[in-house]
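Since we're looking at a predicted model, the values are computed, not measured. FYI, side chains are in, hydrogens and waters are out, and symmetry mates aren't considered; it's all heavy atoms of this structure.
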Amino acid sequence: MQKNNKSHSARKSLVQWLSYLETIHLTEIDLGLSRISQVAKRLNIDLSFSQVITVAGTNGKGTTCAFIENALLANNQTVAVYSSPHIENFNERLRINNIDIDDESLIEAFEKIEQQRDDISLTYYEYTTLAAFLILMAIKPAVIILEVGLGGRLDATNLIDADIAVITTIDLDHQAYLGNNRESIGFEKAGIIRANRNVVIGDTDCPKSVLEHASGLNATVNLRDNQFFVQEKEAAVSNDSNQPLWKWKFGEHQVNDLYKPFIPQDNVATALTVLALVENFSFVFNTQNINALIEKTKVAGRTELITLTNLNSPVLLDVGHNPQAARYLVEYLKSQNYNKLYAVTGMLKDKDIANTFKPLLTLIEHWYLGSLSMPRGATADELAEKLSLKEDSVNCFDNITQAFKMANKNSTATDLILVFGSFHTVAEVRRLLL
């Protein structure tokens, strides 16, 4: 008994494992499937027992996954979602039937990988993706939803063949890894498409590179505004919440009088199209059922509004960190009621900071910039250089917490504080509030 207790106490905790994983590969982002494929072969990775939905895109991946997940769960399907990065706890990256995975399952998976990888160096993301696959092999959910981390073609999740590939949107982000235009970025994201299988594309201006790649694979393309459609009913309002109504149409399905969702409406339409293609899914596509899902689907850090008694003004959290996400935020903010808009932001230095800020310049009156203390983090002064605004509207701080506290101190009940720019930024403020 004493020997066993000693052995158990010597095991690494999850925190220790995650710290260790940060040390075993020289670079944080190192795209490619050669390393992970070798270790996966040794581990006999195989998810063919499940329907796999792989979701790529510049923006909207997390919310699309969440809507699909909620619909499947509402119809008694067992479903797993693997996503990244997390907001607060690492365990958020893998949830089974909407419950975050436990520490012990992750630790056991890490131990198995360590036994098999030998001298093969894996990135933090590759290692944790393999761990998710091992856990999924043990649990065997009916449907597995994989959110692509970066790009698609060379992302670790693309080790698995998707039954349904999903591309939400295609825009400029991660140009150093994916290319400097939408065509090259689209080609990378199209890498998740498999021969003779379905792909759902939510982008309303899909690059030719995606369609050509799908055609070469004889994939069945389900394209926004070609195979599935969204139409607004501008004059109509719902009886319950005074929200504008819209309708979605795909094949034999046409559903009217849909509520305005908490997540981007385009992502709901994409998710509904995916659901219509899932095998053995007996969901009834009618107004009542879909509106119930719309009202239920909220995602942390995505246009998440928080009001607390100890706050001077409401706080809107959004992980948007690229120009396309900023343009969406502008349209969302135009629908909100507030006096002055205060922005709290911190960003990674490899992002297109200037063009992310640009759409928001006419809306935001006061900027509170915080440095992110990580290798890729930009300093507040670096962010300020990209703004080129009057000094009295820009305030720089050593960290996000200081920036937020000062923004809250200076705001009033009729104002709104927008926290955006990075998962790291939103996570730090969300911890303060909740």
Side-chain angles (χ1 to χ4, degrees), residues 31-57 61 64-65 68-69 72 77-84 93-96 109 113 116 122-123 125-168 170 178 186-202 206 209-223 270-271 273-281:
L31 296 177
L33 297 178
S34 60
R35 296 179 305 274
I36 190 173
S37 294
Q38 293 178 67
V39 183
K41 187 175 181 180
R42 297 175 185 178
L43 291 166
N44 297 314
I45 296 296
D46 179 7
L47 303 185
S48 60
F49 54 82
S50 178
Q51 283 191 79
V52 176
I53 302 169
T54 300
V55 182
K61 297 187 294 292
T64 302
C65 290
I68 297 169
E69 174 189 26
L72 293 169
Q77 296 270 0
T78 55
V79 56
V81 180
Y82 175 64
S83 63
S84 65
R93 295 191 180 210
L94 179 62
R95 54 185 186 267
I96 313 294
I113 296 166
Q116 295 296 328
L122 295 171
T123 67
Y125 178 66
E126 289 169 342
Y127 212 114
T128 55
T129 301
L130 282 174
F133 293 166
L134 283 173
I135 294 168
L136 293 172
M137 286 171 62
I139 295 174
K140 290 184 169 53
V143 181
I144 295 172
I145 305 171
L146 301 177
E147 180 189 330
V148 170
L150 197 161
R153 183 175 65 93
L154 299 176
D155 188 80
T157 56
N158 204 32
L159 187 70
I160 304 301
D161 292 330
D163 296 291
I164 304 173
V166 186
I167 301 174
T168 55
I170 300 164
L178 305 180
F187 174 77
E188 292 298 327
K189 297 188 185 302
I192 67 170
I193 301 171
R194 293 300 190 266
N196 305 307
R197 297 187 183 180
N198 276 292
V199 55
V200 177
I201 304 169
C206 184
S209 59
V210 178
L211 300 177
E212 289 173 353
H213 188 70
S215 178
L217 292 170
N218 195 36
T220 301
V221 176
N222 304 278
L223 178 63
T270 299
T273 306
V274 174
L275 289 164
L277 298 170
V278 174
E279 294 181 2
N280 303 317
F281 181 51

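Test Val221, Val166, Thr168 against Ile201 for side-chain contact (heavy atoms from CB on, under 4.5 Å) and you get one pass: Val221.
How far CD1 of Ile160 is from OG1 of Thr129: 10.0 Å, rounded to the nearest 0.5 Å. Expressed to the nearest 0.5 Å, how far CD1 of Ile68 lies from CD1 of Ile164 amounts to 8.0 Å. Atom CG in Leu130 sits 4.0 Å away from atom CD1 in Ile36 (nearest 0.5 Å). With rounding to the nearest 0.5 angstrom, the CE atom of Met137 is 12.5 Å from the OG atom of Ser50. To the nearest 0.5 Å, the span separating CD1 on Ile192 from CG on Leu146 amounts to 9.5 Å.
A pairwise comparison of heavy atoms in Ser209 and Gly186 identifies OG-C, 3.7 Å as the closest pair. When every heavy atom of Thr270 is checked against every heavy atom of Gly202, the shortest pair comes out as OG1-CA, 3.4 Å. Of all heavy-atom pairs spanning Gly149 and Asp155, the tightest one is N-OD1, 3.2 Å. Of all heavy-atom pairs between Ala214 and Ile193, the closest is CB-CD1, 4.0 Å. Minimum heavy-atom separation, Ala109 to Leu134: O-CD1, 3.7 Å. Contact between Lys189 and Gly151 at its shortest, heavy atoms only, is CG-O, 3.7 Å.
A donor-acceptor pair under 3.5 Å is formed between the side chain of Asn222 and the backbone N or O of Val199. At distances below 3.5 Å, not a single donor-acceptor pair connects side-chain atoms of Thr54 with backbone N or O atoms of Ala165.
Residue pairs satisfying the salt bridge (Lys or Arg N to Asp or Glu O under 4.0 Å) criterion with at least one member in residues 157-168, sequence neighbours excluded, are listed as follows: Asp161-Arg194, Asp163-Arg197. Sorted by first and then second residue, the salt bridge (Lys or Arg N to Asp or Glu O under 4.0 Å) pairs with a member in residues 40-52 form an empty list; sequence neighbours excluded.
A heavy-atom distance below 4.5 Å is found between the side chains of Leu223 and Cys206. With contacts defined as side-chain heavy-atom distances shorter than 4.5 Å, the pair Leu31/Arg153 does not qualify. Contact annotation: the side chain of Ile144 never approaches that of Tyr82 to less than 4.5 Å [non-hydrogen atoms, C-beta and beyond]. Inter-residue side-chain proximity for Leu43 and Ile113 is flagged as met; some heavy-atom pair is nearer than 4.5 Å. With a 4.5 Å cut-off on side-chain heavy atoms, Ile145 and Val79 count as touching. By the 4.5 Å heavy-atom criterion applied to side chains, Glu147 and Val81 are not counted as neighbours. Proximity of Tyr125 to Leu150: side-chain heavy atoms (C-beta onward) are nowhere separated by under 4.5 Å. With contacts defined as side-chain heavy-atom distances shorter than 4.5 Å, the pair Leu94/Leu136 qualifies.
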Scan the side chains in residues 273-280 for donor-acceptor partners under 3.5 Å anywhere in the protein, sequence neighbours excluded, and list what turns up.
unit_1, atom_1, unit_2, atom_2, d
Thr273, OG1, Trp248, NE1, 3.1
Thr273, OG1, Ala269, O, 2.9

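Among residues two or more places apart in sequence or in another chain, the side chain to side chain contact (heavy atoms under 4.5 Å, CB included) test is passed with Arg35 by His25, Asp30, Ile120, Leu122, Thr123, Glu126. Every residue two or more places apart in sequence or in another chain was checked for a side-chain hydrogen bond (donor to acceptor under 3.5 Å, both in side chains) with Asn44, and none qualifies. Applying the ring-ring contact (aromatic ring centres under 6.0 Å, His included) criterion to Phe49, with sequence neighbours excluded, gives no partner residue.
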CA sep, side-chain torsions, deciding dist, call: Ser83, Arg95, side-chain contact (heavy atoms from CB on, under 4.5 Å): CA-CA 9 Å; Ser83 63; Arg95 54 185 186 267; 4.1 Å; yes

